[in-house]
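Protein chains get the first letters and strands the later ones, always in sequence-line order, with residue 1 at the start of each.
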Amino acid sequence: MNLPFGEKIRTAVVSILEAIVFYILIVIPTEYLLTEHFSIFPFLSPDVKTFIFIAALTIIFVINFFSMLPRRFSWLFFGVVCILTVLSGFGYKKYLNYYGELQTYPKIYDVSHNWGVQATLISIEGKNFGPTWEPGRVFVDNLEFRVMYWSPFLIVVEQPVPPKFFKGKLYVQDAENRRSNGWRFEIKDPDLLQAVK
Amino acid sequence: MKKIIELFNFLTIGAFLSTAVLFVGDLFGFSLGLNFHLLWRVLAGILALTVLLNTGNIKKLLKISNTSKKFLLLSGLNLFLFALFLLFYPIFRFGSPFVWEDRIANFKAAKRIEITLNEPLNQSFQAKSNNLGTIGLRIISEDVVTEEETEEATTGAELTENEETGAVQGINIEEGELDEELDEELYLGEPERIVFRIKEEEEKDYFYENTYELNQYWETNYFLFGFPIQKDSEGKNYVFEIEKTKEGETNKVFLIEESPQGSLNFYPRYVYNLTSLKTDWDPILLNISRKTTQFLEEKTIQFNLIFVFLLIEFLIFVFLKKEQEKFKEKLNFYLKYGFLIGLFLITISSLKFEFIQNIDYLQNAIDNLSAYIFSLALLTTTLGFLLFYFNREEVEKDLRGDEKKESLEDEKWFHRKNWPYLIGLILIITMFTAIKAPYFKTSFTGEHTMKYNTYVEPAKYMYERNNPFWMQRKYQADPVDNPQGIFKVFGSPPLIEWGLFLTYKMFPNNSLEFNTRLFTNFLGILILIFAYVFFAKWFSKVQSLLIVFLMAINPIINFASFVTTGDSLLFIFMFLSLIYLSNFIKNKNISNLFFAGLFFGIGVTSKISLFLWLAPISLVLLAFYNKKLSNFFKNFLILISLSLIPFIAFRTSLRYLPTDVIFSIARFLVWIVFFVVAYYLLRKYNDKLEKLIASIVKNKFLFFFNTIIFIILAIIFIYFTEIYRLSNEFLTDSKLIFNWNMYGHMLNKQFKPFMTDNVFYLGLIGFVFSFWFGLKRQKILFISFFFSSLIYWALASKAMFFHSYYTIIIMITFCLSIGIMICLIGKSLKNKFLFTILILLIILLLTPKVINVNKNRLVREIENVEFLQQAADYLIENTEEKEIYIDDSYLLILTFLTGRSRIEESKLINSEIKESIKKIGFSSTMKKYNISYLVTIKGPRYERYANLFTDEELEAISYRRTDLILSRLDSSYNYFPDFQRREELVKTFAIKNKFILEKEIGKYKFFKFID
């Protein structure tokens, strides 16, 4: 059990690198899928990410702690892990630039209703909408809604009297004219609603 | 169980390593987006658990010795002091416990928004407490006012000399000590006006709105907007808005920082008063805890606190084990390389290489290193200090060895072993010239035209008339007494004027500007050479070269040897005097003391301010090296007498050269005979003089009697030379001498930027080394420079506040301090290669920044002269040579270009002119005195002419430096208490109607006078 101190340090370093590689290759892509591709939530909180990282790190440490007993420290394995870390590090750096660029665009994650009639108030949740004093605009196709409240994460709009009734895409356009993802939305005829009743 | 303990120990090592790796990754921009707070907490948890599991082992360790107990005790004390610090410092930093400033932690500015006219900026926020009463908003003035930038417009001198008789009626600004001084701007421009308004987010109307002024001296603090206290504000949403409603004349841009999330850099402030807290103290306790939490939220503060705590622990550990030789040996290795690596990191973090900007990782690393520079600098300093401290005996022995060796080589300056130093000195001089050479041809139109006018204008007329005794300064004309600015006496020895005159003669094909800079640079080179000779008498040659190198790159010394200031000459005489004084200290030969006093005296005659710092330096040196009191008194008396006699000699002989050459030279020859006789008498009767003084010192009555005589003589000297008149604008006064705010301002806003941050901090650290360590004689020299700088700073702060070149002695003290420290640490490295690396790192650390500051300073001397020549041509075409222009915007350069005399408005405030205005009117009076135009850039400052039309006693348009300084330190201080009255008078006498714009050429405006 009494391994030399240097051996312990080397094993610890390998464990850390493995944890970093795991984080970059598994956690980060998962975050992208959840927040950007499937738009399930706006971001993965740093606390959650830290928790995942610590958990991964602990597991890898424990595995390595027990597995290093029967075998000597392998420099070959160490080299492979180092190369993997450097490569994934560069990849991560590129990804960060891309992800950072994405964060300048508004993005809708949830809309309180997916249909509306005139004067309906609709809450739009998302991110990167821009500051309160620089409100942008909200459209369903070409129909512009009236902005009642604007914050970086929440917009409340009121539907105007539409020229026609149609199914379209709701999107947010920030003060610098950057457009968000579209959200299916239907402009309904109030008479039809009464008829359903 | 053993396995579990082992696992936890392994995990602890791993956790520390992971945090370190992630932290370094973060430094290089590889942020994994993790929460470091959480990581620290987990780390602390694991550490606590490991400590708990290892209790048995720890107990064993504690039983070992008393050292461990001491260590624990001191660590406990360290912890206790940190706890106290955490409790009290946040209160000091974030205001009293009666207020809570809810600042944004770790605010990072993504961009700066300019406050522009009629474009409101909004910010919403939710109040976290009741009693919302103030909003603090960080407003940055982009162009912070520095000393040189305000040396523009000028007022005139109040005390003038009657050039007809040559009798002194007061200190004449063109010839006396104040000739370069009185040129600071009395700015009376309108401030910017902004409106602040605040409302509850849901409400339509603002519940508070008020107008505020942003004055030109606003720097980077939070601007506070107070409003009626909102008692039940907690949980409510508010919106505030600011909007510029009026452009000012401050020539400043006011900016607000915005974070990447779009939030402005602001804080809401919740205010409680004592009466409401009488029954309930909870808010106070809550505020104290909020302040501590707020303080700890800052990432850099967290890091610095932990770092300083660990560093103190390290110091405790090291000092407890300092007696163990093996430990010292091992430690030395780490200290040596740790120090050099630390210095390397500090150096690269302070360098701004362009190629790095294209490499994200390096740029990130450097940016992040810069954020932790405090800890890095502290660590490096500590390592350097420990390195020296543990080797100090060997270092001092080594230094003494060097001194002996070099003193043998001293006799032969061109000894083979001295060649490297001479080459080093030549290289330093070449670099010193190269810094300024690209600017040699720069016109005199920059910020310091006054300096050029003072010396270049008389030299130019001397050259044109081929008469070195001709004294004409058209920029100091007087409409009543001296319309052509011709003076019949010299105020001080015109050494610079003669030097310039000779340069113009020697190189007639060069431009006036080039020749002038050639001469001023030559003076700078002389300073460096004499400084080297002087310092080499006290330090090793390497150390002396290092000090001279630091002087050569110093922006103030460079600047003073670029523009024509009298101070460069003073330092030549100072070093000459000190060289002879050092020789006297070494060989006790009275001839050396005589020449030390003589050079001191010539310097004092050039500018009396030299006395204020060279006298204390000489006093300290003589006090330390004359153990017998009588000896000290005698030597000091000789030195001081000789420092003053040349002043009298000049004022009774060469002063009258412009009017009576033969008479002046004859008198001067008499004085030369006097000095020759004095020299021989002093050599012959030196011993007798010493015995005489010894008997006086022994006899209490005689000592008292002689002291009284000495004081009376000093008073007579001061009375007859009238140097007491300088005190008004030069020496400190009761309002300033204990004004710590002023000293703080000068230290931070002037000295530091003048010499750059790196030199400043390195110099401060060097003070510790220079005071306590090294050779005794070097300590004495440093103490003499240090105390004379302090004395001079206190006495001359009034002038120093406005003029950077007054700080040269302080700059030299900093160079001295750095030189001493670097040499002490360098010697501790005990390796020539490492010593060379250290010197290179120091050069790399200091030079680029200093060169940059030098360039910025010199670039400010270049001004766009596109329309200037046209303006000058217009003045020539429309005036005759005898005519005069009123200079309202510091356009001294026009006297060079036009040959027309210039006056300032203060020269008009004269009883004769006032009477004339009353009788024949303003326009006719101007005509009567040949005053044709008012030339200005901004437009006439009408309120300044109010004195001309009234007999009311208004504040003089003079300098009143004390008031000017106080108004700059405190924006609420009213420099012109009668400003309102002046504005009323402008209206009453319709002063604005008396000036009519005749021509506008570019920014230059020409006004005529009408009634």
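Leu44(A) does not touch chain B: none of its heavy atoms, backbone or side chain, sits under 4.5 Å away. If you measure heavy-atom distances from Glu258(B) to chain A, the contacts under 4.5 Å come from the side chain alone. With a 4.5 angstrom heavy-atom cutoff, Leu96(A) touches chain B only via side-chain atoms. For Pro46(A), the parts lying near chain B are the backbone and the side chain together; criterion is any non-hydrogen pair under 4.5 Å. Heavy atoms closer than 4.5 Å to chain B are found in both the backbone and the side chain of Phe61(A). Contact of Leu17(A) with chain B is not made at all, since no heavy-atom distance falls under 4.5 Å.
For the residue pair Asn97(A)/Tyr95(A), the side-chain donor-acceptor check at 3.5 Å is not satisfied. Gln126(B) and Tyr238(B) share no side-chain donor-acceptor pair at under 3.5 Å. Side-chain polar atoms of Lys127(A) and Gln103(A) form a donor-acceptor pair below 3.5 angstrom. Side chains of Asn181(A) and Tyr105(A): a donor-acceptor N/O pair is absent below 3.5 angstrom, by distance only.
A distance-only check finds no donor-acceptor pair linking the side chain of Asp174(A) to the backbone of Gly136(A) [under 3.5 Å].
Geometrically, Arg137(A) does not engage Tyr171(A) in a cation-pi contact defined by less than 6.0 Å to the ring centre and at most 45° from the axis.
Among Leu121(B), Leu11(B), Leu32(B), Asn9(B), the residue making the largest number of heavy-atom pairs under 4.5 Å with chain A is Leu32(B).
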